[in-house]
Structure formats: C-alpha cells, structure tokens
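Each remark here refers to the structure printed beneath this line.
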Number of protein chains: 2
Amino acid sequence: MRQKRITLKDIARETGVHVSTVSRALDPVERKSITEEVASRIQAAADALGYRPNRIAAGLRTNRTMTVGVMIPDITNVIFPPILRGIESVLEPLGYASIIVNTDSERDRESRLVDVLRDRGVDGIIHAAVLRSDPSIARAAAEGLPVVTLNRMVENSQIPYIINDEDAGICEMLRHLRDLGHRDIAHLAGPQDLSTGQLRLAAFRNAAATLSLEFRPDLVATARRFDEQEGARGIRDLLASGRTFTAVLCANDRLALGAIDELREHGIDCPREVSVTGFNDMPFLDLIRPRLTTVRILQHSAGQTAATVLLQLMNGDKAEDIPMETILPVEIVVRESTAPAGSLVRS
Amino acid sequence: MRQKRITLKDIARETGVHVSTVSRALDPVERKSITEEVASRIQAAADALGYRPNRIAAGLRTNRTMTVGVMIPDITNVIFPPILRGIESVLEPLGYASIIVNTDSERDRESRLVDVLRDRGVDGIIHAAVLRSDPSIARAAAEGLPVVTLNRMVENSQIPYIINDEDAGICEMLRHLRDLGHRDIAHLAGPQDLSTGQLRLAAFRNAAATLSLEFRPDLVATARRFDEQEGARGIRDLLASGRTFTAVLCANDRLALGAIDELREHGIDCPREVSVTGFNDMPFLDLIRPRLTTVRILQHSAGQTAATVLLQLMNGDKAEDIPMETILPVEIVVRESTAPAGSLVRS
DNA sequence: CTCATCCTCGCAATCGATTGCACGAAGGCT
DNA sequence: AGCCTTCGTGCAATCGATTGCGAGGATGAG
C-alpha cells in the first residue's frame, strides 16, 4: 500500500505550531527568525516522522523546480556522457536534477523537446545540440529562460556559449602534419549542416592560411554523417579523383577510423604511406591500431563550465559577471597514425 | 523579461466559461462531457493564446509527475546509453520524461539517489544499478512505488526484473570453444561484488557441468574492476601460475581486450595460440583487431522491456498480468578472436 | 402539460509549501 | 510608567490544475 506522505501539516499538528512556522523552521535561511528552541523541536519532529519536503508543491509556489534540461543529439554518441557527468558534477551537489533529452539532430524534435522541458518547468537549459539554427531555443531564451549552449552558438542572441577551441586544435594538428613534412594534406570534413562539421572545415581553411599551406578544395571530401562508413567513402572519393595526398586530417575520430580502414583496403599503410588524424579523442581509441593521433577535447570540463554559467544565469547574477563566450583549450595527442611524409606512393 | 504563462484562468476569462470547464475541454478524456461547440471554442482560444499546461500544478493535484527515475552505475559506460534510448523509446511518446542518475556503484550514493528521485515525485523507477543488495530500493518498492530492476534482481521482493539470459550466453560461448577443440579453458571473472560478475562466474561453472567439461578453480582469475587493466592483470596472474590453457572466456569485453593485449605482450597470439571471448558486444568492437568473439546483449530491447513493465506497474495493471521475470535472449557473435585449439604452446 | 432524467457546466475544495502581512508580547527607552 | 521597536508566530492567500458535487436547463415520456 502506498504510504501517505508526511507533510508540513503533520509536523505542525505534532508540535502544536502553525504550518508556516514549520516551513520556516525547516528552511535554513528563515530558520534564524524562529526561536531556537521551537526550531529544534520542529526539526526533531520532522526527523522523527521522516519528513521529506514535496518539491512539486514547493515548485508550484516558488516557480523553481531545481531541475535543468539538457539537450544532446544522442546519448549513445560517446562524447556526450562525459559532458553529462561534468554537468552533473556541479549541479547535483546543489540539489539540481537534470532531464536529458536526445534530439537526434532533428529540427522538429528539437523544438518539441524545448517545449517538453518548458512544460516541466525546468529552471534552465543546457543545449548541446548541433543544428545550425533553431528558433525555439532562441525564443525560450528571449522569454527569460536561462539557456547556455555547448559546442555551438546561436547567432544574434544573448545566449552564453561554451565552445572548445577547435580552431586551435585543427591548426595545431595541421602544424603537426606540416612539421612532419606533409604538404598535400586532405581534409575529410563532417556534415555541413552540423556546426561541428562546418566549423572544422572553416578552421582547416584558416589554419592552412595561417601556416602558409595551400588550401585545396579538391582535397576536401565531405561526409554525410560522422561515422566510419562515411570516412571510408570519403577516402574512396579522394582516391578515385586521382589526387595525391600524404595526410588526411579528419573532422572526427570515427571518420578517421573509417579512413584508415579504407586505406588499408587499398593497400595503403597508415602511417607509413599516409598519415591520418582524428578529432575528439573518444574512449577506447588507444585500443585500436594504429593508435590514432587526434585532438583531445575536455568534455568533462566543458560540461562543468556550461553548468557553472547556467547557475549564474539562474541565480540572476549581474549580466557583466556572466561570460558570454567561453573558449576551452584543447590539446593534440600524438600517437601512431602520423609519421613523417615519405615519398608519394601514388601519382 | 520573463513572460507570464498562459493559464487555464486566462482561457476561461477569454472564452467566458469557468476554469473547470476549460480544464475538461482540454482533457481528451473529459472532453466528451462538454458541448462540442464550447469545447472547440476553448480549444481555439487555447491554441490562439499558446496555452501550455503546467505539469507541476497538475502533478501536485494528481500526484503524478509523468516522470520516471532511471538509476544506472555510470552513463559513461557504453552499455548504458542504448538501454536509456530503449527506455526513452517507449516512455517518451507517452509523455514521460526521465531523470537519470549515476550511482557509481556506491551504496550510500545509491540510497541517497533513491530519496532524491522520490522527493521529486517520480511515478516509478527503473533500477539498472548492480550492487548486490540495497535496502533503499526495496523499501521504496514496498511502500508502493513502482520499481523494475534491470540486469539484476532484488531477493525476497516483489520487484519485477528483466535480465539477459547470461547463463545461456556463457554456455553457448563455452560450447563454441569446446566445439573448437578447447579443453583447458580459463575464466576471467568480473568483480564478485557486482551481480554481473558473480552471475557470470556461476554461469561458467554451470555451463562447464552441462557440457561435461571440468571446472578448474585454478583457471579462474578474478578482476577487481571491469576494465582493460584488470583484464591484463588477470592474464598475468594466470600465466604466472604456470597453468596451461588454450582459451579464455572473459566476463566482459573490456577484460577480454585487456587480456588479448597482455597475451600479445607475452608473445602469445590471439587467436592462433589462445582464443579469447568477451561479453556485451560493446560498440566499436569491430574496429579493434582481432575482432572479438563475444556475447551480444540487446541493450535497447532490455530498456524497452523494462519501460513496458514499469508502465504496467504504474497503470496499476492486475498483478497477474505483470511478468515478474523477463529473460531476454542473447546471441553469440563469432568473430576473429577464437580459433580451433592448436597444440599447447605453454607447459 | 407535468414530471423525471440526463447533460452541461459552475462552484469550491484540494494538493503541499511558501510568504507578505499583521498581531501580540516583550523589552528598551525616556 | 507609557510608548515605540523588535521579535516570534499565526493567518490566509497563492501557485495552476483537477474533480466531486450539485444546480439548472433541455429533453423526452406519460
């Protein structure tokens, strides 16, 4: 049988005071406005009865649910769980819970989920989805709901964002390849409707300019998804085009893994003949041979930072105290998939 | 500025009816008790004003939050995200949201999180944590909160559970090894304080009996964690003991991966000299060489099933309609890490 | 034409906690 | 000694939606 909950009223009856007094006695802030003796008597009764506050009722009155929404494309994508743990690590100790939703990178699903979260009265939203434009989240933010985005920014909005310094990551990686003697460097770009795909392509172009390397559009292959199949297809396209290259900088680890496999299919060895680099440094990467040289992103701290900024927003901190832009450092991890450029094996 | 929400009262004022009428008109069940003309007028006004029901308020009154709690050890463990998607796939279309918490397999955290979920008034809990005993969840269930466990069962309770047919998986795998001619088969067992570790060891012993193979305690190494390091350590211990074996059945993929690496360190080739098998069929496994022969668990359907049973519980279905035990089939996936037993290479 | 019945809708209580306001007592001040 | 302040507590409204009950009108039967 479902036990009936202990409410303030029960404690009030038990201790012979008014429920409002009980409420105050149990609120750490208000508690000091109550005679210590009464307060501790109430506290004792509450403990004895096993009182647990009803957050729903409190939420109705205060309009705060101590719940945040977290929107990600897909929880099964290994880069997101660490982000979630990072978020949780700052929010949970403060009593917040999070509702996690998967957008599957679908526009309509995304905006529907924003509504779902708002209906549930979340106090704020961390938005790590990657569609390049979505009015629903901007609208929510404009209406006063605290929102922070992760890995991307919403143009023309006052939404704080946290991004990783992907430009620097791509640039460092390109420098690494150049320093190894590579000149003909292909880029396996990600889907251009995802911000990460687009950003990294732009970063590649800029980095080439910075490093005085020629940017060759004919050495860019664009994947339709961030997966191994598309990585393999990208390599096939590149090889079929007859262009020569000694290195492939991929927009993501999975593309890189697919690329290495496909190169092997064509009898081309990585790293001896062609160097390949990834992006993200996803888990288990060091179990796959050759161990991939990649750009490490600090997912956990990205989550922490996003949560911290969201907290400021929810606490109503002064606007000037809230960082609109946070760029987190990345680092390149050199492993076995890159090697000095040898002689070109293909014409 | 924070927009003020549209409430039933606003719609009532707009349409000139009482708020209770509006409530009924908007409730698909109650709607038929309202004149169609009035109902559609209310509906129109609701749409025009952009009304969104306040679930908090409704939850307070009805004592249903349309929220479920999901407890897992750690979201960064790749086997859990698919389970969550499975749960979501049945719950989300019905309007449920889920609050996911990570227990980190710590007893006190686990029971604290049960309280957190209850305070938030979840309508039910899916408990996929793996500690072998925890009174808090049993207490919650006894007090009437719908609870379903996944991958494990709580003894002496009326809590429905969904488990994978791990016994069959282990047995099939052992049969596979036997059929390949292996006789000296080691077992790399998981942590014995986790139900999966314990269950699979027991299953290994039973399977040996079933298949008329000798169960040799001296060929069992026990890992302290489910990770590659412990897999490597297990192999080191086994090798150090001087026993001979031609195959290692591991309680989990990561142990198997660590085992293969460690064997290689010792100059022992898998699968030519020693066959190694895993358990779980985690993602990216087919990218790692040799591709691991393992037991595939249908995580997604496990999640779906758990959610479905929980729904029955929450709907108050008749007890006899609710399956107390669900055993999901598993399948073995034969890849490259197993091969016919050759001559023993070690004495 | 009258009375019973049914249907539609309004009234008001309710869920549990929070909080502005007010009241009464006690203490300090002149 | 009287007045004002301060402190502790109670009162009651409130958050927004749900729902049992009952009133009133419409409808049908006799």
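Lettering of chains follows the sequences in order, A, B, ..., and the numbering in each one begins at 1. Just so it is clear, the values below take in all heavy atoms, side chains as well, and ignore hydrogens, waters and symmetry mates. Quick caveat, the model's predicted, so the values are computed rather than measured.
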Margin query: Protein within reach of the bases, or only the backbone? For nucleotides 5-14 of chain D, mark each nucleotide 5' to 3' as B, S or -, using heavy atoms under 4.0 Å.
Written below: ---SBBBBBB

Could you state the atom-to-atom distance from [atom1] of [X] to [atom2] of [N] in whole Å?
{"X": "A:N54", "N": "D:dC15", "atom1": "CG", "atom2": "C1'", "value": "13 Å"}
{"X": "A:L60", "N": "D:dG16", "atom1": "CG", "atom2": "C1'", "value": "6 Å"}
{"X": "B:M66", "N": "D:dT18", "atom1": "CE", "atom2": "P", "value": "12 Å"}
{"X": "B:E37", "N": "C:dC9", "atom1": "CD", "atom2": "P", "value": "8 Å"}
{"X": "A:I42", "N": "C:dA17", "atom1": "CD1", "atom2": "P", "value": "13 Å"}
{"X": "A:D119", "N": "D:dA17", "atom1": "CG", "atom2": "P", "value": "11 Å"}
{"X": "A:E30", "N": "C:dA17", "atom1": "CD", "atom2": "C1'", "value": "13 Å"}
{"X": "A:L26", "N": "C:dT19", "atom1": "CG", "atom2": "P", "value": "14 Å"}

Notebook entry, point to check: Which residues satisfy the side chain to side chain donor-acceptor pair (under 3.5 Å) test with B:T76, sequence neighbours excluded?
Noted result: B:D74

Note to self: Run the side chain to side chain donor-acceptor pair (under 3.5 Å) test against B:Q304 and tell me which residues pass, sequence neighbours left out.
What the structure shows: B:S89

Could you go through residues 309-323 of chain A and list every donor-acceptor pair under 3.5 Å that involves a side-chain atom there, pairing it with any protein atom two or more places apart or in another chain?
{"from": "A:Q312", "atom 1": "NE2", "to": "A:D321", "atom 2": "O", "distance (Å)": "3.4"}
{"from": "A:N315", "atom 1": "ND2", "to": "A:L311", "atom 2": "O", "distance (Å)": "3.4"}

Checklist line | Pairwise distance CD1(A:I297) to CD1(A:I79) - rounded to 0.5 angstrom | finding: 6.5 Å

Please enumerate all residues that pass side-chain contact (heavy atoms from CB on, under 4.5 Å) together with [X], with sequence neighbours excluded.
{"X": "B:A58", "value": "none"}
{"X": "A:S23", "value": "A:L8"}
{"X": "B:R24", "value": "B:S20, B:E30, B:S33, B:I34"}
{"X": "B:S157", "value": "B:V154, B:I159"}

Item checked: DNA chain D contacts made by residues 6-14 of chain B, counting heavy atoms under 4.0 Å -> B:T7, B:L8

Next item on the list: Sort and list the pairs that fulfil salt bridge (charged side-chain N to carboxylate O under 4.0 Å, His left out) and have at least one residue in residues 52-62 of chain B, not counting sequence neighbours.
Entry: A:D115-B:R52, A:D119-B:R52

Checklist line | Residue pairs passing the salt bridge (charged side-chain N to carboxylate O under 4.0 Å, His left out) test where at least one lies in residues 86-98 of chain A, sequence neighbours excluded | finding: A:R85-A:E88, A:E88-B:R109, A:E92-B:R109, A:E92-B:R112

Note to self: So that I can tick it off, tell me whether B:R41 and B:E37 are bridged by a salt bridge, with the cut-off set at under 4.0 angstrom between side-chain N and carboxylate O.
What the structure shows: yes

Note to self: For B:D27 and B:I56, find the nucleotide of DNA chain D closest to each by heavy atoms; which residue's nucleotide sits nearer the 5' end?
What the structure shows: B:I56

Next item on the list: State, to the nearest 10°, the angle formed by the axis through the first five base pairs of the helix from C:dC1-D:dG30 to C:dT30-D:dA1 and the axis through its last five.
Entry: 50°

